[in-house]
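Reviewing the structure listed below.
Atoms considered below: every heavy atom in the structure, side chains included; atoms not considered: hydrogens, waters and symmetry mates.
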Amino acid sequence: MKTLTKNLTYFAVFFFLGAIVFRYGLSHFLENRSYNLVWIIAAIYFIFNFLIGWFFGKRDYESLPLYDVGFRFHFATYFLFNIVSVLWFSLGFHSNFESIRIVYVIALFWGIGLLIHLIFYLIVRKNSIYGLNKEEIFE
């Protein structure tokens, strides 16, 4: 099964860039104590991620109709966001009002959600190819 598709790669690149912009905005607004703008940038980040996930996820499904319940996109999101967040703190770009502990707490609870998603993925993977004839798969 092809797990790293062109659409997943494009999604990951856009998500990675968005995560950097989000982290920058978050740290900047926290440092300047602009708490209302923190909520605004978080909402914009949510909408941005929803739209790129929908766009590239739909294109991915249309080009390769796998029924994987979005696990590949979920894992890429989890991995990239946490890498960007940990590096953000490691490189000292964070605000004085941020703590690395919150990144770890988010990673923990999100990881539990990802583990549950993995379990669902493993349950449904035996039915992962829909709409394809065996002749099309094994030419």
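Within the structure, the salt bridge (charged side-chain N to carboxylate O under 4.0 Å, His left out) test picks out no pair touching residues 99-119 (sequence neighbours left out). Screening residues 9-30 for side-chain hydrogen bond (donor to acceptor under 3.5 Å, both in side chains) gives Arg23-Ser85, Arg23-Glu98, Ser27-Trp88, Ser27-Glu98, His28-Asn32 as the qualifying pairs, with residues at least two apart or on separate chains. Residue pairs satisfying the salt bridge (charged side-chain N to carboxylate O under 4.0 Å, His left out) criterion with at least one member in residues 106-124, sequence neighbours excluded, are absent. Identified under the side-chain hydrogen bond (donor to acceptor under 3.5 Å, both in side chains) test for residues 73-82, with sequence neighbours left out: His74-Trp110, His74-His117.
Under the side chain to side chain contact (heavy atoms under 4.5 Å, CB included) criterion, Asn49 pairs with Phe15, Tyr45, Ile52, not counting sequence neighbours. The ring-ring contact (aromatic ring centres under 6.0 Å, His included) check on Phe48 picks up nothing, with sequence neighbours excluded. Looking at residues two or more places apart in sequence or on another chain, you find a side chain to side chain contact (heavy atoms under 4.5 Å, CB included) between Leu17 and Val13. Remark: Phe29 engages no residue in a ring-ring contact (aromatic ring centres under 6.0 Å, His included) (not counting sequence neighbours). For Phe50, the ring-ring contact (aromatic ring centres under 6.0 Å, His included) criterion is met by Trp54, not counting sequence neighbours. Take Ser99 and apply the side chain to side chain donor-acceptor pair (under 3.5 Å) test, not counting sequence neighbours, and it matches no residue. Remark: Ile116 pairs with Ile112, Phe120 by the side chain to side chain contact (heavy atoms under 4.5 Å, CB included) rule, at least two apart or across chains.
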Only pairs under 3.5 Å count here: list side-chain donor-acceptor contacts from residues 34-44, not counting sequence neighbours, and write none if there are none.
none

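Leu115 and Phe81 fall within a single hydrophobic cluster, where Ile, Leu, Val, Met, Phe, Trp and Tyr side chains are chained together by heavy-atom contacts under 4.5 Å.
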